Novice: 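Below you'll find the structure I mean.
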Amino acid sequence: RSHSIKKSSFDCIILENRPGYALQLGGTTKAKIVYHLHNDFLNNGTHCGQELYQRASKIITVSDYINSRVRTCNTNDHKCVTVHNGINLAMFAATPTVTRQSLGYDEGDFILAFSGRLTPEKGILELIEAMNMLKNEAHIKLLVMGSAFYANASSGNPFTAELKSRAEGISDRIKFTGYVRHDQIPDYLKLSDVSVVPSTWEEPFGLTVVEGMAAGLPIITTNRGGIPEIVTKDNAIVIQLPGDLAGCLSEAILHLSQHKDECKRMGKVSTQLSRQYTKENYAKHFFDTLATLE
């Protein structure tokens, strides 16, 4: 690949989330190198981090959190620019094909939506523990969208087995959908009352947060990574970690279930905030940043 690059003429080469490839390019091109970082892959602890930092003409990060991690390579940084991710808001304007009735829910149910891979760092185990704490609140239901792996790969592993074991006593109140196609996620979110994103790791951005907002839902989430950049106190309850995540989740869920008017107000703010995270805004900011290359 480096050989074919050497034979071609490029103004700019964008490395998507793989800054290490810059080392392989070596002296094969005069093109300006731009990193587009979706994860914490360049910081003062990264192997060859200083060399990688020096080789970049511009570093575009998906959040101020990732931006701050790159800046540990150089506190006087002038290369890093945050361009928040965007989503296709049109997906959330379509008429839903999935209804509460089709999933066996009653209109009086208070439905929590969780969307993401079923892995420990996503906080799903703590969310199920919170549901156990709310075992006397029969109208509170949890809709879990996702599997332990991407797409339709098998989801059988010890962690998912533990999740289902912890959910046994309240299995009538927790629905595991398995993998859901991305274009169907808006349907499931829009029949829910609250989007819960209980991440325990440093989320680089948090697209699931924006999707919940686009569906007009209040958000219950954590102070991890880039998440606090997306939400405000007017549309989200942000749990401070470290701490008792399961206990805080149960308190937040119970509070919102008892204050429906507050839920509606928060949901309206979520809808308004989501409008700044369109794919069109994302593309404009991304290409405007590239236009500043010298």
Side-chain angles (χ1 to χ4, degrees), residues 1-92 182 201-211 213-214 223-232 270 272-294:
R1 290 181 181 179
S2 60
H3 179 69
S4 61
I5 289 174
K6 188 173 184 179
K7 293 192 301 182
S8 304
S9 177
F10 298 101
D11 296 318
C12 170
I13 295 176
I14 301 172
L15 299 179
E16 286 288 341
N17 219 30
R18 294 294 185 271
Y21 287 173
L23 299 180
Q24 298 180 31
L25 288 174
T28 60
T29 178
K30 294 181 179 179
K32 291 180 169 61
I33 304 297
V34 176
Y35 303 153
H36 185 209
L37 299 181
H38 310 250
N39 292 89
D40 183 11
F41 287 161
L42 180 57
N43 57 65
N44 61 356
T46 302
H47 179 64
C48 297
Q50 287 299 322
E51 184 178 359
L52 291 173
Y53 176 86
Q54 293 301 327
R55 293 208 175 193
S57 296
K58 189 75 68 175
I59 302 172
I60 302 174
T61 63
V62 298
S63 65
D64 290 338
Y65 168 71
I66 298 297
N67 191 308
S68 71
R69 295 294 295 147
V70 177
R71 287 173 183 268
T72 63
C73 294
N74 184 347
T75 56
N76 296 315
D77 168 78
H78 62 279
K79 299 179 180 183
C80 289
V81 178
T82 295
V83 177
H84 285 135
N85 282 329
I87 66 172
N88 182 5
L89 284 185
M91 292 172 57
F92 292 83
H182 187 254
W201 75 308
E202 302 290 2
E203 286 280 356
F205 177 70
L207 276 174
T208 53
V209 176
V210 178
E211 289 170 347
M213 289 162 52
N223 62 333
R224 284 301 190 235
I227 293 175
E229 301 170 36
I230 307 169
V231 300
T232 73
S270 281
Q272 293 167 358
L273 290 174
S274 71
R275 291 172 184 151
Q276 63 188 296
Y277 298 107
T278 65
K279 62 180 183 178
E280 291 80 12
N281 280 346
Y282 162 75
K284 181 181 185 305
H285 293 158
F286 192 93
F287 289 113
D288 283 351
T289 299
L290 292 182
T292 66
L293 285 169
E294 297 177 355

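Computed from a predicted structure; not experimentally measured.
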Novice: Is there a side-chain contact between Ile230 and Tyr277 in this structure, where contact means two heavy atoms from C-beta onward sitting under 4.5 Å apart?
Specialist: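 Sidechains of Tyr277 and Ile230: in contact.
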Novice: Excluding sequence neighbours, so at least two apart, what forms ring-ring contact (aromatic ring centres under 6.0 Å, His included) with Phe205?
Specialist: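 ring-ring contact (aromatic ring centres under 6.0 Å, His included) check on Phe205 returns His84.
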Novice: Would His36 and Val62 count as a side-chain contact (heavy atoms from CB on, under 4.5 Å) here? Give the steps.
Specialist: CA-CA 8 Å; His36 185 209; Val62 298; 4.0 Å; yes
Novice: Which pairs pass salt bridge (Lys or Arg N to Asp or Glu O under 4.0 Å) with one or both residues in residues 223-232, sequence neighbours excluded?
Specialist: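 Of all non-adjacent pairs touching residues 223-232, none passes salt bridge (Lys or Arg N to Asp or Glu O under 4.0 Å).
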Novice: By the definition side chain to side chain donor-acceptor pair (under 3.5 Å), identify the one residue from Thr61, Asn44, Thr46, Asp40 that meets it with Arg69.
Specialist: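 Option passing the side chain to side chain donor-acceptor pair (under 3.5 Å) with Arg69: Asp40.
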Novice: Do Ser57 and Lys79 come close enough that some side-chain heavy atom pair is under 4.5 Å?
Specialist: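 The answer is no, as the side chains (C-beta and beyond) never meet within the 4.5 Å cut-off.
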Novice: Would you say the side chain of Glu211 lies within less than 4.5 Å of the side chain of Met91, judging by non-hydrogen atoms?
Specialist: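 No - every pair of side-chain heavy atoms lies 4.5 Å or more apart.
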Novice: Please answer whether the main-chain N or O of His38 pairs with a side-chain N or O of Asn17 as donor and acceptor at a distance below 3.5 Å.
Specialist: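 Present.
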Novice: Tell me the closest heavy-atom pair linking Gly226 and Tyr65, and the distance in Å.
Specialist: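 In this case the closest contact between Gly226 and Tyr65 is N-CB, 3.7 Å.
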Novice: Holding to salt bridge (Lys or Arg N to Asp or Glu O under 4.0 Å), I want the full list of residues that pass it with Asp64, two or more places apart in sequence or in another chain.
Specialist: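 Scan of Asp64 (salt bridge (Lys or Arg N to Asp or Glu O under 4.0 Å), adjacent residues dropped) gives none.
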Novice: Between Thr72 (side chain) and Asn43 (backbone), is there a donor-acceptor pair under 3.5 Å?
Specialist: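 No, because the side chain of Thr72 does not come within donor-acceptor range (under 3.5 Å) of the backbone of Asn43.
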Novice: Which residues satisfy the salt bridge (Lys or Arg N to Asp or Glu O under 4.0 Å) test with Lys284, sequence neighbours excluded?
Specialist: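 Lys284 satisfies salt bridge (Lys or Arg N to Asp or Glu O under 4.0 Å) with Asp288 once adjacent residues are dropped.
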Novice: Can you name the closest pair of heavy atoms from Ala22 and Leu15 and give their distance?
Specialist: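 Heavy atoms of Ala22 and Leu15 come nearest at N-CD1, 3.6 Å.
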Novice: Report yes if the side chains of Val70 and Tyr53 come closer than 4.5 Å at any heavy-atom pair, otherwise no.
Specialist: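 Sidechains of Tyr53 and Val70: in contact.
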Novice: Where do Gly49 and Cys73 come nearest, in terms of heavy atoms and distance?
Specialist: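 Closest pair (atom of Gly49, atom of Cys73, distance): O-SG, 4.4 Å.
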Novice: Quick one: CZ on Arg275 to CE on Met213, what's the gap to the nearest 0.5 Å?
Specialist: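 Going from the CZ atom of Arg275 to the CE atom of Met213 covers 11.0 Å.
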Novice: What pairs with Arg18 under salt bridge (Lys or Arg N to Asp or Glu O under 4.0 Å), at least two apart in sequence or on another chain?
Specialist: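 Arg18 satisfies salt bridge (Lys or Arg N to Asp or Glu O under 4.0 Å) with no other residue.
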Novice: Taking all non-hydrogen atoms of both residues, which atom of Leu89 and which atom of Ser274 are closest, and how far apart?
Specialist: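 Closest heavy-atom pair between Leu89 and Ser274: CD1-O, 3.9 Å.
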Novice: Calculate, to the nearest 0.5 Å, the distance between atoms CD1 and CG belonging to Ile66 and Leu37 respectively.
Specialist: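 Those atoms lie 7.5 Å apart.
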Novice: Can you tell me how far the CD atom of Glu51 sits from the CG atom of Leu23, to the nearest 0.5 Å?
Specialist: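 Separation between the atoms: 5.0 Å.
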Novice: For the atom pair CG (Leu42) and CG (Asn67), what is the distance rounded to the nearest 0.5 Å?
Specialist: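 If we round to the nearest 0.5 Å, Leu42:CG and Asn67:CG are 11.0 Å apart.
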Novice: Is any side-chain heavy atom of Val83 less than 4.5 Å from a side-chain heavy atom of Tyr282?
Specialist: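 Yes, at least one pair of side-chain atoms sits under 4.5 Å.
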Novice: Quick one: do Val210 and Asn85 satisfy side-chain contact (heavy atoms from CB on, under 4.5 Å)? Show the steps, please.
Specialist: CA-CA 9 Å; Val210 178; Asn85 282 329; over 6 Å; no
Novice: List in chain and number order the residues that pass side chain to side chain contact (heavy atoms under 4.5 Å, CB included) with Val34, two or more places apart in sequence or in another chain; answer none if no residue qualifies.
Specialist: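 Partners of Val34 under the side chain to side chain contact (heavy atoms under 4.5 Å, CB included) test: Cys12, Ile14, Lys58, Ile60, Leu290, Leu293.
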Novice: Could you check if a side-chain atom of Val81 sits within less than 4.5 angstrom of a side-chain atom of Ile59, using non-hydrogen atoms only?
Specialist: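 Heavy-atom side-chain distance check fails, nothing below 4.5 Å.
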Novice: Any heavy-atom pair between the side chains of Leu273 and Val231 that's under 4.5 Å?
Specialist: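 No, side chains not in contact.
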Novice: Under 4.5 Å between any side-chain heavy atoms of Leu52 and His47, yes or no?
Specialist: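 They are not in side-chain contact.
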